[in-house]
Amino acid sequence: MNQLLEGFKDYLRIQSVSVHTLYSYLHSVGEYITWYEKKFGLQFKTLHKENISEYIKVLKLNRNQKGKLISPRTVNAKLSGLRTFNQYLKKEGLIEHIIIGRNSFQKVQNSIASPVKFEKEDVEKFFQVILECREPKNERECMRDYALAKLMALTGCRISEALMLSFEDINLEFREITIRYGKGNKTRVVYMNNELSRILKRYLKDYRCKFRLSEMSPYIFLSNRSMDMKRAAVNRIFKKYSYLANLQMVLSPHDLRHYFCSQAIKSGLSIHEVANICGHSSINTTSIYTNVSRKELYHKMDSL
C-alpha cells in the first residue's frame, strides 16, 4: 500500500500540483483507504463505484472539531483527491474507468454574504496583541509572527505561499514579492505598500538573524528548530493570539486573506486587480467580497 501511495505522490509531482494540494490529496486518499480496510477487513487494491457511493454517504455524516457536520465544500475537497487518485489508477492500469465523475460532487450554493468574519478593529487588535507579547526572551518570535501576519493581511497571499518565500522572492527596493508556488503552481508578482516594506526590512535586519538556523535556511520565515515554519505551528500561534485578543473566534491565516480582499476593494482596487494580486483563477471568486458582511446581513434581516 505504501508503494501505491508513493506512486501516487510521484504522479502528483509530475502534475506540478502545489505542496499543499499534494499533501491534501494524499491525506484524502489515506482516509479513504483506512475506512475501506477497517470496514471490509481487506487490503485495498483499487476503487469501486459502489464503495465510493457508500463513502460519500459516510463523509456527509462526518463532523468537524466543533461537532458540526462538515460542509459540502469539505466533502468535495476530499473527493477531489480521490478523483485524481482514480485518474492515477487508470493510468497505471489498475482500473478501467473514471468512476468519480463531476456528478459525484456535492452541489454548493454560493453565499450571498462576504466570507470576511472579522472587522478591521478586530484585526488591528490582533496585530497589537502580537506586538505587546514582545519580551526579551521571545522578541524574535513575536516580530516574526507580526511580519508574517502583516504580510498576509497586506498582500492577500495564502499561508502556504508565505511560508515558501525565500530571499530571492523579496525585492525590498522595488517593493515586489514573487509568489512562485501559488495554487496550480502559478507564479505571480505582488506589490507591497510602504508599511509592509518597513516591517519586513526591520524583521530581516534585526530579528531573523537571531534564529539559530538563520544562516542555513533560505526561507524568510523559520523557527529556531527547523529551517522553515509549519502550517500547524502557525495555526497554533494564531489561536494563541486570538485568545489573548479576546476575539470571539479564532482568527486564522486564511481569514487574513479574506480581510485583504475586502479591504482592497473598499480601498478602490477593482475586482480584476484584487483577483490578480490574490491569484484567483476566476473573478467570480473575488466578486463575493463585494457582498455585505454577515453582520450587515443579520442586521438587515432583523429589521424586517
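For clarity, every value in this text was computed on a predicted model and none was experimentally measured.
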All heavy atoms of C278 vs all of G156, minimum pair found to be SG-O, 4.1 Å
Taking the side chain from E37 and the backbone from F44, do they hold a donor-acceptor pair closer than 3.5 Å? yes
Quick one: side chains of residues 194-202, donor-acceptor pairs under 3.5 Å with protein atoms, not counting sequence neighbours, listed by atom name and distance.
| unit_1 | atom_1 | unit_2 | atom_2 | d |
| --- | --- | --- | --- | --- |
| N194 | OD1 | R175 | NH1 | 2.8 |
| E195 | OE2 | K150 | NZ | 2.8 |
| R202 | NH2 | Y207 | OH | 3.3 |

For residues 46-57, run the donor-acceptor check on the side chains, cut-off 3.5 Å, and write out each pair with its distance to 0.1 Å, sequence neighbours left out.
| unit_1 | atom_1 | unit_2 | atom_2 | d |
| --- | --- | --- | --- | --- |
| T46 | OG1 | L94 | O | 2.9 |
| S53 | OG | K49 | O | 3.2 |
| E54 | OE2 | K39 | NZ | 3.0 |

To the nearest 0.5 Å, what is the distance between CD1 on I170 and CD on E176? 10.5 Å
Does atom OH of Y23 have more than 12 heavy-atom neighbours, drawn from other residues, nucleotides or ligands, at distances under 6.0 Å? no
Report yes if some heavy atom in the side chain of I179 is under 4.5 Å from a heavy atom in the side chain of T187; otherwise report no. no
Looking only at heavy atoms, which two atoms of V234 and M229 are closest? And how far apart? CG2-CE, 3.7 Å
K91 side, atom NZ; F8 side, atom CZ - distance, nearest 0.5 Å: 12.0 Å
When every non-hydrogen atom of F221 is compared with those of A162, the smallest separation belongs to CD1-O, 3.7 Å
When you look at E124 and Q128, which way does the side chain to side chain donor-acceptor pair (under 3.5 Å) test go after all the steps? CA-CA 6 Å; E124 290 179 342; Q128 190 60 31; over 6 Å; no
Please determine whether side chain to side chain contact (heavy atoms under 4.5 Å, CB included) holds for the pair I177 and T155, giving the CA-CA distance in whole Å, both sets of side-chain angles, and the decisive distance to 0.1 Å. CA-CA 9 Å; I177 299 174; T155 66; 4.2 Å; yes
Side chain to side chain contact (heavy atoms under 4.5 Å, CB included) partners of R140, counting only residues at least two apart: K210, F211, N224
Roughly how far, to the nearest 0.5 Å, is the OH atom of Y25 from the CZ atom of R83? 9.5 Å
Show which side-chain atoms of residues 240-254 pair as donor or acceptor with protein atoms under 3.5 Å away, not counting sequence neighbours.
| unit_1 | atom_1 | unit_2 | atom_2 | d |
| --- | --- | --- | --- | --- |
| Y241 | OH | D145 | OD2 | 2.7 |
| S242 | OG | F238 | O | 2.7 |
| S242 | OG | L251 | N | 2.9 |
| S252 | OG | H254 | N | 3.4 |
| S252 | OG | D255 | N | 3.2 |
| S252 | OG | D255 | OD2 | 3.1 |

By side chain to side chain contact (heavy atoms under 4.5 Å, CB included), T34 pairs with (sequence neighbours left out) none
Interatomic spacing from CZ in R102 to CG in N76 - rounded to 0.5 Å: 11.0 Å
Counting C-beta onward and ignoring hydrogens, is there a side-chain heavy-atom pair between T84 and V29 closer than 4.5 Å? no
Are V58 and F40 connected in the hydrophobic side-chain network, where two residues link if heavy atoms are under 4.5 Å apart? yes
Linking Ile, Leu, Val, Met, Phe, Trp and Tyr by side-chain heavy atoms under 4.5 Å, what else ends up with Y191? V189
Student check: side-chain heavy atoms of Y11 and Q87 closer than 4.5 Å: yes
Look at the side chain of S226 and the backbone N and O of L222, then say whether any donor-acceptor pair between them is shorter than 3.5 Å. no
Given 3.5 Å as the limit, does a donor-acceptor pair link the side chain of R257 with the main chain of A153, or not? no
Please evaluate residues N235 and I159 with respect to the criterion side chain to side chain contact (heavy atoms under 4.5 Å, CB included), reporting the C-alpha separation (whole Å), side-chain torsions for both, the decisive distance (0.1 Å), and the verdict. CA-CA 10 Å; N235 288 333; I159 179 60; 6.0 Å; no
Heavy atoms, side chains only, cut-off 4.5 Å: are M152 and Y259 in contact? no
Linking I/L/V/M/F/W/Y whenever any side-chain heavy atoms sit under 4.5 Å apart, do F174 and L154 land together? no
Atom of S80, atom of F105 and distance for their closest heavy-atom approach: OG-CE2, 3.5 Å
Please tell me if the side chains of L151 and C157 come closer than 4.5 Å, counting only heavy atoms from C-beta onward. yes
Apply side chain to side chain contact (heavy atoms under 4.5 Å, CB included) to R144 and R208, showing your working. CA-CA 7 Å; R144 175 203 60 194; R208 188 188 178 280; over 6 Å; no
The side chain to side chain contact (heavy atoms under 4.5 Å, CB included) partners of S24 (sequence neighbours excluded) come to none
How long is the straight-line distance from CG of N62 back to CH2 of W35, given to the nearest 0.5 Å? 11.0 Å
Side-chain donor-acceptor pairs of residues 264-274 under 3.5 Å, sequence neighbours excluded:
| unit_1 | atom_1 | unit_2 | atom_2 | d |
| --- | --- | --- | --- | --- |
| S267 | OG | Q263 | O | 2.8 |
| S270 | OG | E273 | N | 3.1 |
| S270 | OG | E273 | OE1 | 3.4 |
| E273 | OE1 | S270 | N | 2.8 |

Shortest non-hydrogen pair, C209 vs S214, comes out as O-OG, 3.4 Å
How long is the straight-line distance from SG of C142 back to CD1 of I237, given to the nearest 0.5 Å? 9.5 Å
Would you check, one step at a time, whether the test side chain to side chain contact (heavy atoms under 4.5 Å, CB included) holds for F85 with L4? CA-CA 10 Å; F85 185 56; L4 191 61; 3.9 Å; yes
So, do M143 and L131 sit near enough that their side-chain heavy atoms are less than 4.5 Å apart? yes
Once salt bridge (charged side-chain N to carboxylate O under 4.0 Å, His left out) is applied, what residue pairs with a partner in residues 228-239 remain, sequence neighbours excluded? D228-K230
Sequence-distant partners of R63, side chain to side chain contact (heavy atoms under 4.5 Å, CB included), two or more places apart: L69
Are Y219 and F167 packed together at the side-chain level, in the sense that at least one heavy-atom pair is separated by less than 4.5 angstrom? no
Any salt bridge (charged side-chain N to carboxylate O under 4.0 Å, His left out) involving residues 151-171? Give me the pairs, sequence neighbours left out, ordered by first then second residue. R158-E161, E161-R188, D169-R180
Using atom types as modelled and distance alone, determine if a side-chain donor or acceptor of S217 lies under 3.5 Å from a backbone N or O of M227. yes
Could you tell me whether the side chain of F118 reaches within less than 4.5 Å of the side chain of L256, counting heavy atoms only? no
Kindly write out the residues that satisfy salt bridge (charged side-chain N to carboxylate O under 4.0 Å, His left out) with D10, not counting sequence neighbours, or none if the list is empty. R13
Over all atoms of both residues, closest heavy-atom pair of F127 and A149: CE2-CB, 3.5 Å
Below 4.0 angstrom, N of the basic side chain to O of the carboxylate: do K90 and E96 qualify? no
